Amino acid sequence: MSARATISDVAREAGVSLMTVSRVVNGKGEISPATRQRVLDVIERLGYRPSGIARGLATQRTGTLGIVVPDMANPFFSDVARGAEDRARAAGYNVFVCNTDESPQREIEALDSLEEKRVDGLVLCSSRLHDEGLRAALDHHPAAVLINRRMATYHVDAVLLADKEGATIATQHLLRTGHRAIGFLSGPVASFSSRQRTEGYRAALAEEGLPMNPAWSRSCSYEVEGGRETTHLLVKEHPELTAIFCYNDLVAVGALQAC
């Protein structure tokens, strides 16, 4: 395997200084068309590729973004990651995608790793960290956007779904179709979306003058198996239930299998 060409190789072959090669590569500075073309010809012939590390040291930018999701197997998060990556690449950025398996510890490790890679920005989906831990992590990143998470005491841009409103509408639909004993499979306790959807479920019941029965609500893991196992337990203990509102699509699939 031949050695990778360096900027020094290009400068020597083209008969110019290192600074001139750097200016050609970065499109900066006043350089004659003939000199620029000669340098470009040598770059193509040698197969020279600028060092991202060296460029990052000079510009304080790495041209990379980090995307952190709690579960890549969940179609919702894979769609979010794909959309973010598509837009990032269109803007000239490379992307590191990290999956945390819903683990706060793995989320911290992912954020630490992205910090070490000096990513220019961070997209963090449905963080499972408490506000204090999340704030400490975000303080080490130059730019960040949260998805499905709001922080009351820390200003950071966020893209939010209408979790509470959506849960209210879903529960209202069940109420309009005659159900009064409606179970609720909520998500992980650390999930901001789960807390918002619980509020929506409770609000819809309150509009009908119905209290939220704690015995009909269960927290379960976020995947199909969690929905299936929790539904089995819930309907066995409460056969009076006629409907179940589920935290997410995967939990709903498990609930349907159990039913």
Side-chain angles (χ1 to χ4, degrees), residues 1-70 72 77-100 106-125 127 129 133-147 149 151 154-159:
M1 181 180 294
S2 59
R4 179 179 297 177
T6 67
I7 189 171
S8 296
D9 296 331
V10 174
R12 183 174 58 255
E13 289 289 322
V16 298
S17 68
L18 296 176
M19 181 62 71
T20 297
V21 176
S22 178
R23 287 173 176 171
V24 171
V25 169
N26 293 292
K28 298 179 179 180
E30 296 295 330
I31 301 173
S32 70
T35 299
R36 182 183 300 277
Q37 189 58 53
R38 186 165 74 253
V39 171
L40 290 174
D41 289 343
V42 172
I43 286 175
E44 182 177 0
R45 176 161 54 84
L46 296 182
Y48 170 67
R49 294 293 180 269
S51 167
I53 295 174
R55 182 178 293 177
L57 290 173
T59 65
Q60 296 299 303
R61 299 176 68 85
T62 61
T64 59
L65 298 177
I67 302 175
V68 181
V69 298
M72 188 58 77
F77 292 119
S78 59
D79 281 351
V80 169
R82 176 60 185 270
E85 183 176 17
D86 287 348
R87 294 303 296 269
R89 288 190 177 279
Y93 286 84
N94 289 314
V95 174
F96 298 107
V97 180
C98 301
N99 177 65
T100 68
R106 285 192 60 174
E107 184 175 330
I108 291 174
E109 292 169 0
L111 293 173
D112 287 345
S113 177
L114 293 172
E115 180 192 351
E116 291 175 0
K117 290 179 171 59
R118 299 294 191 267
V119 295
D120 296 329
L122 176 70
V123 177
L124 181 55
C125 303
S127 174
L129 297 177
L134 180 55
R135 177 172 183 170
L138 293 180
D139 280 342
H140 293 279
H141 287 274
V145 173
L146 301 182
I147 297 179
R149 177 65 181 268
M151 296 181 69
Y154 187 74
H155 176 71
V156 58
D157 291 326
V159 177

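Since the model is a prediction, treat every value here as computed from it, not as a measurement.
Rounding to the nearest 0.5 Å gives a distance of 10.0 Å between CG of Leu18 and CZ of Arg12. In this structure, CZ on Arg38 lies 9.0 Å from OG1 on Thr20, to the nearest 0.5 angstrom. Note: Asp41 CG to Leu46 CG = 11.0 Å, rounded to the nearest 0.5 Å. Between the SG atom in Cys98 and the CD atom in Glu107 there is a gap of 10.5 Å [rounded to 0.5 Å].
Smallest separation of non-hydrogen atoms from Thr35 and Val16: CG2-CG1, 4.0 Å. Of all non-hydrogen atoms in Glu115 and His141, the two that sit nearest each other are N-CE1, 3.6 Å. Between Pro70 and Thr100, the closest heavy-atom pair is CA-OG1, 3.2 Å. Nearest approach of Phe96 to Val119, heavy atoms of both residues: CD1-CG1, 3.9 Å. When every heavy atom of Ile7 is checked against every heavy atom of Ser22, the shortest pair comes out as CD1-N, 4.1 Å. When all heavy atoms of Val10 and Val39 are compared, the closest pair comes out as CG1-CG1, 4.2 Å.
Proximity of Val42 to Val21: side-chain heavy atoms (C-beta onward) are nowhere separated by under 4.5 Å. Inter-residue side-chain proximity for Ser113 and Lys117 is flagged as met; some heavy-atom pair is nearer than 4.5 Å. Using a 4.5 Å cut-off on side-chain heavy atoms (C-beta onward), His155 and Asp157 make contact.
With Ile147 as the partner, the side chain to side chain contact (heavy atoms under 4.5 Å, CB included) test is satisfied by one option alone out of Leu124, Val123, Val69: Val123.
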Let me check something: any side-chain donor-acceptor pairs from residues 80-90 under 3.5 Å, sequence neighbours excluded? List them with distances.
unit_1: Arg82; atom_1: NE; unit_2: Asp86; atom_2: OD1; d: 3.1
unit_1: Arg82; atom_1: NE; unit_2: Asp86; atom_2: OD2; d: 3.2
unit_1: Glu85; atom_1: OE2; unit_2: Arg89; atom_2: NE; d: 3.2
unit_1: Glu85; atom_1: OE2; unit_2: Arg89; atom_2: NH2; d: 3.4
unit_1: Arg89; atom_1: NH1; unit_2: Asn94; atom_2: OD1; d: 3.3

Query - Worked check of side-chain contact (heavy atoms from CB on, under 4.5 Å) between Leu146 and Leu134 - result: CA-CA 10 Å; Leu146 301 182; Leu134 180 55; 4.2 Å; yes
Report task. Quick one: do Asp9 and Thr6 satisfy side-chain contact (heavy atoms from CB on, under 4.5 Å)? Show the steps, please. Result -> CA-CA 5 Å; Asp9 296 331; Thr6 67; 3.2 Å; yes
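By the side chain to side chain contact (heavy atoms under 4.5 Å, CB included) test, Arg118 is found to be paired with Thr62, residues two or more places apart in sequence or in another chain being considered.
With Arg23 contributing its side chain and Glu30 its backbone, the two residues share no donor-acceptor pair below 3.5 Å.
Annotation: Met72, atom CE; neighbour count of heavy atoms from other residues, nucleotides and ligands within 6.0 Å is above 12.
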